[in-house]
Each structure stands twice: as C-alpha cells, then as structure tokens.
Amino acid sequence: MAENTFSNIEELKYDETIEPKIYTTTTRLNLREEPSLEASVVKILEEGEKIKVYAEEDEWVATEKGYCMKKFLK
C-alpha cells in the first residue's frame with residue numbers, strides 16, 4: 001500500500017475511505033486538534049496504545065480523532 005502524503009500540511013485531514021496503518025505509541029503522546037504544537041490537546045494517548053493512521057506528512061500523522069507527531073510511533 002502506498003503511503004498517503006500531502007503537499008500542504010493544511011491538507012492533512014482524516015479520510016475514512018483510506019485503509020489505515022496501525023502504529024503503536026512509544027511514549028505518552030498528545031493527540032491534537034490540528035497538526036501543530038500550538039493546537040489544543042483532545043486526548044492523551046498512553047505508551048503502547050495502538051492507533052490507526054490515515055495520512056502522514058513529514059512529522060505529523062492524521063488519526064480518526066486528531067493529529068500526533070510521527071516520531072513517537074513505531
């Protein structure tokens with residue numbers, strides 16, 4: 001399956017038609033409203049939690065409930 005990427009970070013949106021990749025968090029991780037460190041935290045993910053990722057762009061990924069930094073996932 002090809003990785004979903006976007007040319008502009010504003011285009012990084014959840015899309016339920018895309019087959020998600022499953023990642024595991026490597027630490028406690030903030031899930032944010034938007035792909036920005038300034039964005040509000042909507043949830044804190046626990047270390048070892050599995051999440052579905054629908055899109056990736058540089059350092060951010062889009063999940064069904066928000067955005068988080070890719071470097072804290074495996």
Side-chain angles (χ1 to χ4, degrees):
M1 179 169 80
E3 184 175 304
N4 299 305
T5 59
F6 299 86
S7 60
N8 184 332
I9 197 70
E10 284 75 32
E11 294 175 20
L12 185 58
K13 301 286 185 205
Y14 163 68
D15 181 349
E16 72 265 354
T17 64
I18 295 172
E19 179 85 23
K21 290 183 182 179
I22 306 297
Y23 285 94
T24 303
T25 59
T26 60
T27 188
R28 284 184 60 145
L29 183 60
N30 292 329
L31 192 63
R32 297 183 178 273
E33 233 174 45
E34 298 175 6
S36 166
L37 292 175
E38 269 62 270
S40 298
V41 174
V42 294
K43 182 179 179 182
I44 297 175
L45 303 171
E46 295 299 326
E47 182 178 348
E49 193 168 332
K50 300 229 184 279
I51 61 170
K52 293 179 183 178
V53 170
Y54 290 86
E56 302 178 27
E57 178 63 37
D58 297 325
E59 58 191 36
W60 291 95
V61 298
T63 73
E64 56 196 330
K65 298 192 189 251
Y67 303 86
C68 63
M69 296 191 79
K70 186 178 183 177
K71 68 181 180 181
F72 300 110
L73 303 174
K74 63 176 180 175

Not counting sequence neighbours, which residues clear side chain to side chain contact (heavy atoms under 4.5 Å, CB included) with T26? List them please. F72, K74

Got a sec, which residues hit side chain to side chain contact (heavy atoms under 4.5 Å, CB included) with K43, two or more places apart in sequence or on another chain? L31, L45, E49

Residue set satisfying side-chain hydrogen bond (donor to acceptor under 3.5 Å, both in side chains) with S36, at least two apart, ordered chain then number -> none

For V41, the rest of its hydrophobic cluster, which grows through side-chain links under 4.5 angstrom: I44

How close do K50 and T24 get, counting heavy atoms only, and between which atoms? NZ-OG1, 3.1 Å

Hey, does K52 have a side-chain heavy atom less than 4.5 Å from the side chain of K21? no

So do the side chains of L37 and M69 get within less than 4.5 Å of each other, counting heavy atoms only? yes

Contact between C68 and T25 at the side-chain level, heavy atoms closer than 4.5 Å - yes or no? no

Compare every heavy atom of E56 with every heavy atom of Y23, then report the nearest pair and how far apart it is. OH-OE2, 2.8 Å

